[in-house]
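These notes concern the structure reproduced below.
Since the structure is predicted, the reported quantities are computational estimates derived from the model, not experimental observations. Order of the sequence lines sets the chain letters (A, B, ...), proteins ahead of strands, with each chain counted from 1.
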Protein chains: 2
Amino acid sequence: MVAPSLRARVRAGMIEEIKAVARRHLATDGADLSLRAVARDLGMASSAIYRYFPSRDDLLTALILEAYDALGAAVETADAAADHDDLRGRWLAASRAARAWALAHPAEYALLYGSPVPGYAAPDDTVAPAQRPPMTLLGILRDGMAAGRLTPPDEELPEPLRGDLNELSALTGVPLPPALMVRAMAGWTQLFGLISFELFGRINRALPHRDEYFDHQIALTADLVGLP
Amino acid sequence: MVAPSLRARVRAGMIEEIKAVARRHLATDGADLSLRAVARDLGMASSAIYRYFPSRDDLLTALILEAYDALGAAVETADAAADHDDLRGRWLAASRAARAWALAHPAEYALLYGSPVPGYAAPDDTVAPAQRPPMTLLGILRDGMAAGRLTPPDEELPEPLRGDLNELSALTGVPLPPALMVRAMAGWTQLFGLISFELFGRINRALPHRDEYFDHQIALTADLVGLP
DNA sequence: TCAAAACAGAGAGCACTGCTCTTGACTTCC
DNA sequence: GGAAGTCAAGAGCAGTGCTCTCTGTTTTGA
């Protein structure tokens with residue numbers, strides 16, 4: 001293992017600097033990131049950016065990856081910080097962490113969960129980081145099942161749906177009964193919907209107490225998945 | 001009342017034609033609508049478009065308004081077509097209609113419920129049409145309360161939230177108990193989340209039976225609001 | 001009836017975008 | 001010390017929204 005050369009280290013620093021400036025632009029100017037504006041801020045020619053990122057989409061992908069990881073880390077940290085046996089507390093903490101991260105980084109959240117950029121297709125590397133938040137929620141339910149403190153609902157699901165959900169269980173590596181799995185998905189969908197509504201300004205102006213509103217809605221999802 | 005002049009009629013037709021072409025472009029090329037491309041398709045100079053729409057944003061606003069109205073009409077029609085006394089059936093029908101419209105018009109749905117366009121601020125005219133779908137859902141619950149066939153959950157809500165929800169009731173003109181109101185909002189949020197996840201490709205590939213999945217999730221929201 | 005006003009469209013031009021290619025300077029390595 | 005690799009700049013291409021000016025045409029009203 002050879003120590004990275006000076007040039008390699010300078011290059012790595014440059015990449016970080018570009019991403020930092022790009023993130024700042026994302027926060028102020030929205031998703032339509034301008035390479036030239038980033039280059040201007042860095043005091044370099046726009047063409048020089050291409051030494052570090054093959055295209056604007058690649059820069060966007062890098063930012064998306066970092067955002068997914070930041071959100072995933074925030075959710076996982078909140079989950080880990082809560083009392084491991086307090087399932088409901090973990091569920092609420094993880095959800096609140098997701099919302100807090102989104103409110104602190106609205107542009108990056110929009111990049112992850114807003115309407116897809118027209119010409120842009122997210123590469124496969126983004127799949128794993130993207131699943132960290134929902135996987136955290138699933139993990140809480142897994143722990144609950146393992147501890148015997150979570151009784152799944154005994155609903156009968158139509159066959160094709162049950163098969164899909166079993167497959168999804170296998171795919172995620174978290175074996176949950178279909179009826180519980182579908183409710184976990186409902187909770188994740190609701191969490192995403194709540195944050196998006198609040199962030200994209202679609203929440204009614206008549207709801208100034210947003211923290212309380214969010215907490216109550218999240219409590220409903222905890223009820224839905226059967227957390228005591 | 002004078003009959004509109006020939007020129008006025010030609011002008012109205014031209015406006016419709018521009019919107020139609022723009023809608024087509026929206027569907028194929030995504031939300032970053034290009035005025036020049038629309039003009040090219042119409043065989044006219046890009047500057048000529050400005051005779052009909054003061055700016056690109058105004059054209060976008062016109063499309064957004066039409067989309068809201070189309071979605072609202074679809075939801076209301078489905079609700080009206082269902083048996084008026086079958087509250088649950090109406091709830092499911094309205095939800096399915098929203099999803100069907102979104103799947104048929106993905107670009108327009110993204111325009112309405114995706115991440116907000118950076119420089120664009122929706123004018124106030126869009127507020128009323130935007131509330132038609134959720135108002136339809138509220139109407140179903142109102143009818144249920146009036147018919148005495150819907151018993152609201154007796155939950156105790158923290159005071160600031162209860163106040164907000166009462167205000168929201170007054171604002172919408174649909175008087176619902178806060179505990180029911182918050183669940184109605186939950187259902188609407190969930191509907192939006194489900195459609196967005198499916199449309200924006202964030203739904204897991206392991207769920208090929210999307211109709212069944214959606215139906216089941218919607219049934220859960222119907223349970224949540226207490227529809228028998 | 002006929003001139004004035006309103007309107008429609010075209011074209012040029014401005015400042016901006018992502019991106020490519022070439023050219024020159026600099027650093028690292030053999 | 002020369003060759004190879006790297007970095008940055010600059011010019012240029014095709015595209016964008018938008019403004020302004022100029023030319024026709026249509027409508028209007030005295």
* Is the shortest side-chain N to carboxylate O distance from D211(B) to R96(B) below 4.0 Å? -> no
* Could you check whether L42(B) gets within reach of a base, just the sugar-phosphate, or nothing at all, counting any heavy atom under 4.0 Å? => nothing
Nearest to the side chain of [X], heavy atoms from C-beta on, is which of [options]?
X: R56(A); options: dG11(C), dC19(C), dT17(C); value: dC19(C)
X: R36(A); options: dG11(C), dG18(C), dG17(D); value: dG18(C)
X: A37(B); options: dC18(D), dT16(D), dG18(C); value: dT16(D)
X: Y52(B); options: dG17(D), dA9(D), dA8(C); value: dA8(C)

* N or O in side chain of R9(B) less than 4.0 angstrom from dT26(D) OP1/OP2 -> no
* **OP1 or OP2 of dT6(D) under 4.0 Å from side-chain N/O of R51(A)** => no
* Test side-chain contact (heavy atoms from CB on, under 4.5 Å) applied to M181(B) and L141(B), step by step -> CA-CA 9 Å; M181(B) 193 70 181; L141(B) 300 186; over 6 Å; no
* Give the ring-plane orientation class for F197(A) versus F192(B), where under 30° counts as parallel, over 60° as perpendicular and anything between as tilted. =>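 The arrangement is parallel - the two ring planes meet at less than 30°.
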* To do: State whether the distance check finds a donor on one side and an acceptor on the other, under 3.5 Å, for side chain S47(B) versus base dG11(C).
  =>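 When only heavy-atom distances are counted, S47(B) does reach the base of dG11(C) through a donor-acceptor pair under 3.5 Å.
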What is the distance, rounded to the nearest whole Å, between atom [atom1] of [X] and atom [atom2] of [N]?
X: R40(B); N: dA14(D); atom1: CZ; atom2: C1'; result: 10 Å
X: I49(B); N: dC18(D); atom1: CD1; atom2: P; result: 11 Å
X: F53(A); N: dT20(C); atom1: CZ; atom2: C1'; result: 19 Å
X: E17(A); N: dA8(D); atom1: CD; atom2: P; result: 10 Å
X: M44(B); N: dG11(C); atom1: CE; atom2: C1'; result: 13 Å

* **L71(B) and R132(B): CA distance, side-chain angles, deciding distance, side-chain contact (heavy atoms from CB on, under 4.5 Å) verdict** => CA-CA 8 Å; L71(B) 172 60; R132(B) 283 175 66 182; over 6 Å; no
* Structure fact -> DNA chain C nearest-nucleotide lookup for S34(A) and M14(B): closer to the 5′ end is M14(B)
